[in-house]
Each structure stands twice: as structure tokens, then as C-alpha cells.
Number of protein chains: 2
Amino acid sequence: MATSLLIFEDNNQLRQSLQLLLNDGMFFSVKAAFENCLRAAEEVLLHEPDLVIMDIDMPGRSGVEGLKAIKAVRPATKIIMFTVFDDDEQIFECICAGADGYLLKHTPPARLMAALQEAMEGGSPMSPQVANKIFHYFRQASKPAPDYNLSEREKEILQLLIKGNGYKMIAAECFISLDTVKKHLKNIYTKLHVSCGTEAVAKALKEKIVAV
Amino acid sequence: MATSLLIFEDNNQLRQSLQLLLNDGMFFSVKAAFENCLRAAEEVLLHEPDLVIMDIDMPGRSGVEGLKAIKAVRPATKIIMFTVFDDDEQIFECICAGADGYLLKHTPPARLMAALQEAMEGGSPMSPQVANKIFHYFRQASKPAPDYNLSEREKEILQLLIKGNGYKMIAAECFISLDTVKKHLKNIYTKLHVSCGTEAVAKALKEKIVAV
DNA sequence: TCGTCAATTACCCTTTTGGGTGATTTTTAA
DNA sequence: TTAAAAATCACCCAAAAGGGTAATTGACGA
């Protein structure tokens, strides 16, 4: 059984090329192709395709919105984003919105077909440049947490504060006196250069000083 | 010029298979292969390989540590993780630590060689299962922020609280009386089901109720 | 061995927080 | 137009937070 496709792509030449390529009478069958995704959700409900190829930069309504609209009405539809853009924001927005793959337009035909196949098998195909962006994203996100020279005990108490405990509860949890808790928090505030508990909590969470 | 390789893999059979496969006299050249990565950094400095294939589950010292050690002394070395594990934590830790690719051991030889080539060209090859985990990670991370029915004003005041402002400062910033600020915060705490400011800040940041 | 530092406790004091109740006005939705 | 929701302000009051100072103990390294 061939995989049925819908194509949303505003470039006439490219859209027709895709149709020719993917109407191979074997593995793929193009149900319809459109030059914009204004009626993306409706067309998907009408044709019930296995997979959608979605350009991003289209007049009227962006492919990202088309993606969201389709996933909202028929989540099982696989959607491969197909674009010249490798803008970081765009990539992450699409992935978060449920895209099943992200391919750049210079992908060679054989690789494109392999990627569509991979998506149908539950994979998440992406172009190497996209994979690179994702790897970079993670490295960026894991920049070393600044060290404010908090002692273990101080980290423990800060942790309890973040959990929503008052001074008294922290004292009870740690089996120490209320005054000791206050003393520790005073030191913590000084070390973090903050003036109160809420600010300390905000800073600790933002800068990942403690485990969440 | 063939790509020079080092291999760290504790399974004898697999290690020898990799050597046979990759000593093809054309594209790849295996400089040496080891059954543990205790001396990973030293061997890399000695052999100066273009690329390292690193198993994760090895006796004595895990491949993740080997990865970090190598990247610490010779960051230009490409490192492909090669493992049976597709544990989420492991994957993300490796990516953050600078891995250039992440392949599962059942990768077919042709795909493995293509992946090594891709890594040498600056790509970030990964097995489909790994790509899937990454896509899932992003979707997870962007799960819809729970709506606690906070009004705009309440969000604004919560935001100021997170910034470390006391009640008085919030009142001044918003040009409203201290009592109004108190009233708003009381309502906020009720809506968020928390009992104090620190807990509200923690919840707001953890659940991304407000922009950071 | 001595000095330093973390952890602990205590006491004093003021300000801030947070909860309760109630009321007015404005905006929004039905 | 009327009702509900949001925003505003006020007053009372107890508890909590936060800052200062000082002292003791134990561990660890110079």
C-alpha cells in the first residue's frame, strides 16, 4: 500500500517536481498539491493523507500555522517540514508543534524519499544542518552553572526554600534551630547578592544553581 | 587522505569487527582500538585521530567520561558515541558534553560509515531512535503552560515579585497602594495553590507561567 | 599546633508578609 | 442592561522574614 501524500508548496516548479518524483506508482501517491495552506486542515480531513510535505515560507499563511492546524484536527498525520530556512527559532517551533521531520530544500531526491519512509516508520528525519543546530542548542543550554560558593548545607536549605517551605519547616526538616536556618539564609542571600527569599529562589532556578 | 580512527569498545568481537570494517584502505584507517577508555585522553594525544568511536558501557570508566576527557584535551577530535543504550539522560549528557554523533549499535555497516563521513563533514549523525528522543524532548519541554486563570495585572505583579521586588516596590512600580498589591498577591497565591511568595515564584518559574 | 571556615545556637530588633473582612469603581461579558 | 469579574483601597492583626551581633564546636589544612 503506497503512502498517500499532500503537498503544500508555493513554488510552482518545485511543487510539480515533487509531484512527479513522488507519484512513483510504487511507494508514494500524491493525493493533491496546493500553493498555500489556507485550507490545510480542511484538505487533510478530506483526503486523509498518511503524510504531508509542508513548506514554511508561503504567502497568506505560514507553514508553521498549517502544521499546527493539521495537528489540531488530525494528529496522526505525519508532517515533514520542507524549507530553505534553517532559522533556529523556526526549527524549534516546528518541532515543538509536532512536526515529524525537518528537511531543507536542497535535500537530494533519494534522501528525501528515504526521509519520508523513515517518518512513516515512526522516525524523525532531519537534514544534517538541522541536526547540527539541535546539538548546538543543547550545548548552549548546558553552559556551566555559575558557582556562588554555596556550601552543601546551604544548597540543601536553598532547595527546601524553593520547595515552598518556610523557615520553621526548614528547621524541622533539617533538625536544626530556627536561628540556624535564618543564619544560613542570611549567608545565602549575601553569597547570591540578593536581598530576600523570593529573589534567591528566582536566581537559583534561573541559573540552575540547584537541581529542580 | 583517509580518516584516522581510534576505537574504544570493550566487546572483543565487536571491536575486531569494527577494525575490519573500517580498515578499508580507502576512506578510513583505524590507528588503534582499546577495550576501555582509562587512558582515552593520552591515546588521543598520542595518535591524534580525526575521529573516535566511543562505546558508553565499558568497565572501569564510562564512555561518557572518556568523551569529556578527550574533548578537554583535544576538542577538535570528532567523537561518535556508539552504544546499545538509548537512555534519555545518557543521550543528552553526551550531546551537552560535545559528542559529534550518537549511533546505536544495531546501525548497519553502510549507515555507520556514512555517519562517520557525515561527522567528518561537520554534521551530527544520529540513529533514528535518538532523533525521536530529541524531538520528544522538545515537545515535552513545550507542554502547554497550565493556566491558573491569572489576570493580566496579576501576571504583571507576579513578574515583579520574581524580579525580587518587595511589596512596597511593586506598589511603587505599578502606582497602586500597598494594600492593593497585598490583595493581588493574596489572590495569586490562592489561584496557584501556594502559601507564600517563594513558593509562588518557584511554581511560576518551574511551570513557565510567566516569561523569564 | 594554630588559624580558618562551616555549622550551629542564641538574643535583639524592625520591617515585611500574609490572612481576614469589607467596600468602591471600572471593565467586561452575557 | 445587568451581572460577573477585575482592580482598587482600607484597616486589623499575628506570624514570618530578615538584619545585626556574638559565641561555641568540630573539621581540615597550612
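By convention in this document, chain letters (A, B, ...) are assigned in the order of the sequence lines, proteins followed by strands, and residues within each chain are numbered from 1.
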On a heavy-atom basis, which atom in B/Leu38 and which in B/Asn36 lie closest, and how many Å separate them?
N-OD1, 3.0 Å

Nearest to the side chain of B/Ser151, which nucleotide is it out of C/dC11, D/dA7, C/dA6?
D/dA7

In this structure, how many angstroms lie between the P atom of C/dT15 and the CE atom of B/Met169, rounded?
16 Å

Rounded to whole Å, OH of A/Tyr148 lies from C1' of C/dA6 at a distance of 21 Å

N or O in side chain of B/Tyr189 less than 4.0 angstrom from C/dG19 OP1/OP2:
no

Let's see if you can work this out: which of D/dA17, C/dT8, C/dT21 has an atom nearest to the side-chain heavy atoms of B/Lys186?
C/dT21

When the nearest nucleotide of DNA chain D is assigned to A/Val194 and to B/Asn187 on a heavy-atom basis, which residue is associated with the more 5' position?
B/Asn187

Test log, rule salt bridge (charged side-chain N to carboxylate O under 4.0 Å, His left out), inputs B/Asp87 and B/Lys133
CA-CA 9 Å; B/Asp87 173 73; B/Lys133 297 254 186 224; over 6 Å; no

In whole Å, I'd like the distance from the CG atom of A/Leu192 to the C1' atom of D/dG18.
15 Å

Is any side-chain N or O of A/Ser195 closer than 4.0 Å to OP1 or OP2 of D/dG18?
no

Counting only side-chain N and O atoms of B/Lys168, is one of them less than 4.0 Å from OP1 or OP2 of C/dT16?
yes

Can you check whether any acceptor in the base of D/dG18 is under 3.5 Å from a donor in the side chain of A/Lys182, or vice versa?
yes

Interatomic distance where CG belongs to A/Asn149 and P belongs to C/dC5 [whole Å]
11 Å

What closest approach, in Å, do B/Leu161 and B/Leu185 show between heavy atoms, and which atom pair accounts for it?
CD2-CD2, 4.1 Å

Could you tell me the separation between the CD atom of B/Glu199 and the P atom of C/dG19, rounded to a whole number of Å?
11 Å

Among C/dA7, D/dT21, C/dT9, which is the nearest nucleotide to the side chain of A/Arg153?
C/dA7

Atom CG of A/Asp179 and atom P of D/dA22 are separated, to the nearest Å, by 16 Å

Close side-chain approach of B/Phe8 and B/Asp55, heavy atoms under 4.5 Å
no

Between B/Ala119 and B/Leu51, what is the shortest heavy-atom contact and its length?
CB-CD1, 4.2 Å

Does a side-chain N or O from B/Thr180 land closer than 4.0 Å to OP1 or OP2 of D/dA7, or not?
no

Rounded off to whole Å, could you give me the NZ-to-P distance for the A/Lys155 and C/dA7 pair?
11 Å

Taking atom P of D/dG19 as reference, at what distance in whole Å does atom CD1 of A/Ile188 sit?
12 Å

Walking DNA chain D from its 5' end, the first of B/Cys196 and B/Lys183 to be reached, judged by nearest nucleotide, is B/Lys183

